[in-house]
Number of protein chains: 2
Amino acid sequence: MAVLAGRGADAVTIRGIAARVGVAPNAVYTYFPDKAAVVRGLAEHLLGRVDHDRFTDPSQPRRELVRALALELRTKLPAHPGSVHLMLGHPPDGPHTWAVRETLLAVLADAGLGPGDAADASHLIDVHILGSVAVEAAAGPEGSAVAAARFRWGLEQLLDGLAAYAVPAGVERPAPR
Amino acid sequence: MAVLAGRGADAVTIRGIAARVGVAPNAVYTYFPDKAAVVRGLAEHLLGRVDHDRFTDPSQPRRELVRALALELRTKLPAHPGSVHLMLGHPPDGPHTWAVRETLLAVLADAGLGPGDAADASHLIDVHILGSVAVEAAAGPEGSAVAAARFRWGLEQLLDGLAAYAVPAGVERPAPR
DNA sequence: ACCTGAACACCGTTCAAGT
DNA sequence: ACCTGAACACCGTTCAAGT
């Protein structure tokens, strides 16, 4: 985390981390089997910083909750530009990743989406977040404000599309397959 | 291109390309200033293979055209899984890239989107394509069919959202700002 | 269990030199 | 203009050895 924050994603390297800890490069292999595991652990730790419980407040409109969670992920995920490039190669799958995914799925299901639709919708939002950040990182740091605005614009279009699937609470809907 | 197709994205390397051509590694620097330029050229060449003129047929519904172009890009772009990982770091900006972008913008404008909305919508579709392929590549080759299906599903939600912005042809719309 | 030194097989890039 | 040999400053990873 210190290396990522201080010297950028390119410096996140086995040797760089080892140097930061003051240890020989191969000493890292005592704790991680390979670099992929290190990066996965890093992404997991980043997702652990997301306070996802905040987005289950049932007094808020569902659309508001989904929007807020998506925005939180989009802003917290890339601590440093280029960190996405790292975790794009090695997707996280630890408990924190799972917890965030569960929260999003729960809100979507609560909004009236069936299990299959909720899974597809969750994946769609994932893709939008990762794609947006990746394109922003690729374009360089100059168009960061534009990218954020376009993310929000796109998110609204996407939520509009999903709204058709959202059956209001209390209304009959088909049984889950 | 031969290296990418034959030995994967990881083998797309200055030294690998040089070896394939039968030349010393540094000879590549006669033609390209650095590796980023090589990858950009590669992405440009890939986009040149997209027959984007096919998607301007005015007899087809606009939504059909946008959908078809998006699907064409999604299938042609990653010749090999992981090629996205390459061009995500070095976004292409050559004439072919421009031509494809122009075609998409034209169809969107033709569908009744104002210039600003068309630009945002084009970017949204870009993000969805790149995000989808990137997530697929990250997940590994096993879930490729699922990823493609989810791309199409998400694309429909996205088109539903955009449909609200599409003023039918012949109808008055606000003057471009 | 945890660390080291040394090595292996790679990278991108540069430099000086040749034709 | 186009290529070479040699080198520099890096990588991830492994191996044998130490405590």
Side-chain angles (χ1 to χ4, degrees), chain A residues 1-46 78-94 97 134 137-141, chain B residues 1-46 78-94 97 134 137-141:
Chain A
M1 289 294 292
V3 172
L4 176 62
R7 309 209 295 127
D10 285 348
V12 175
T13 191
I14 297 283
R15 295 179 115 101
I17 293 167
R20 165 76 214 227
V21 185
V23 99
N26 46 0
V28 175
Y29 288 86
T30 305
Y31 305 92
F32 296 94
D34 50 24
K35 191 192 175 181
V38 175
V39 175
R40 265 196 301 271
L42 213 147
E44 254 289 295
H45 191 260
L46 269 177
H80 192 88
S83 61
V84 190
H85 202 57
L86 273 177
M87 60 189 70
L88 225 58
H90 321 287
D93 59 345
T97 309
Chain B
M1 288 294 293
V3 172
L4 177 63
R7 309 209 295 126
D10 285 348
V12 176
T13 191
I14 297 282
R15 294 177 116 101
I17 293 168
R20 165 75 213 230
V21 185
V23 99
N26 45 359
V28 176
Y29 288 86
T30 305
Y31 306 93
F32 297 94
D34 50 25
K35 193 192 176 183
V38 174
V39 176
R40 266 195 301 269
L42 214 148
E44 254 290 293
H45 191 259
L46 270 178
H80 192 88
S83 61
V84 190
H85 201 58
L86 273 177
M87 61 189 68
L88 226 58
H90 322 285
D93 58 346
T97 309

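In what follows, every chain begins at residue 1, and chains take the letters A, B, ... in the order their sequences are listed.
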Inset, instruction - Kindly check if the number of other-residue, nucleotide or ligand heavy atoms within 6.0 Å of CG (D10(B)) is above 12? - result: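 It does not: D10(B) CG has 12 such atoms or fewer within range.
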Legend entry - Rounded distance in Å - NZ (K35(A)) to C1' (dC11(C)): 12 Å
Inset, instruction - Rounded off to whole Å, could you give me the CD1-to-C1' distance for the I14(B) and dT14(C) pair? - result: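 Distance check: I14(B) CD1 to dT14(C) C1' gives 13 Å.
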Legend entry - Most 5' of R15(A) and A36(B) on DNA chain C, judged by nearest nucleotide: R15(A)
Legend entry - From E44(B) atom CD to L46(B) atom CG, the distance as rounded to the nearest 0.5 Å: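 Result: 10.0 Å between the selected atoms.
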Legend entry - Any strand: nucleotide that pairs with dC8(C) via Watson-Crick or wobble, under 3.5 Å: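 With both distances under 3.5 Å, dC8(C) matches dG12(D).
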Legend entry - Mate of dA17(D) where both pairing distances stay under 3.5 Å, Watson-Crick or G-U: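 Per the H-bond distance test, none.
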Legend entry - C1' atoms of dA1(C) and dA17(D), separation to the nearest Å: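 My reading of the C1' atoms in dA1(C) and dA17(D) gives 15 Å.
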Inset, instruction - Please check the phosphate of dG12(C) (OP1 and OP2 only) for any side-chain N or O of T13(B) closer than 4.0 Å. - result: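 Yes, within the criterion.
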Inset, instruction - For dA1(C), take OP1 and OP2 only and decide whether either is under 4.0 Å from a side-chain N or O of Y31(A). - result: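 So the side chain of Y31(A) is outside the cut-off, no N or O lying under 4.0 Å from OP1 or OP2 of dA1(C).
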Legend entry - A18(A) to V28(A) - nearest heavy-atom pair and separation: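 Looks like CB-CG2, 3.9 Å.
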Inset, instruction - Indicate the atoms forming the closest heavy-atom contact of T97(B) with P92(B), along with that distance. - result: OG1-CB, 3.4 Å
Inset, instruction - Specify the residue among P33(A) and A11(A) whose closest nucleotide of DNA chain D lies further upstream toward the 5′ end. - result: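 Between the two, 5'-proximity favours A11(A).
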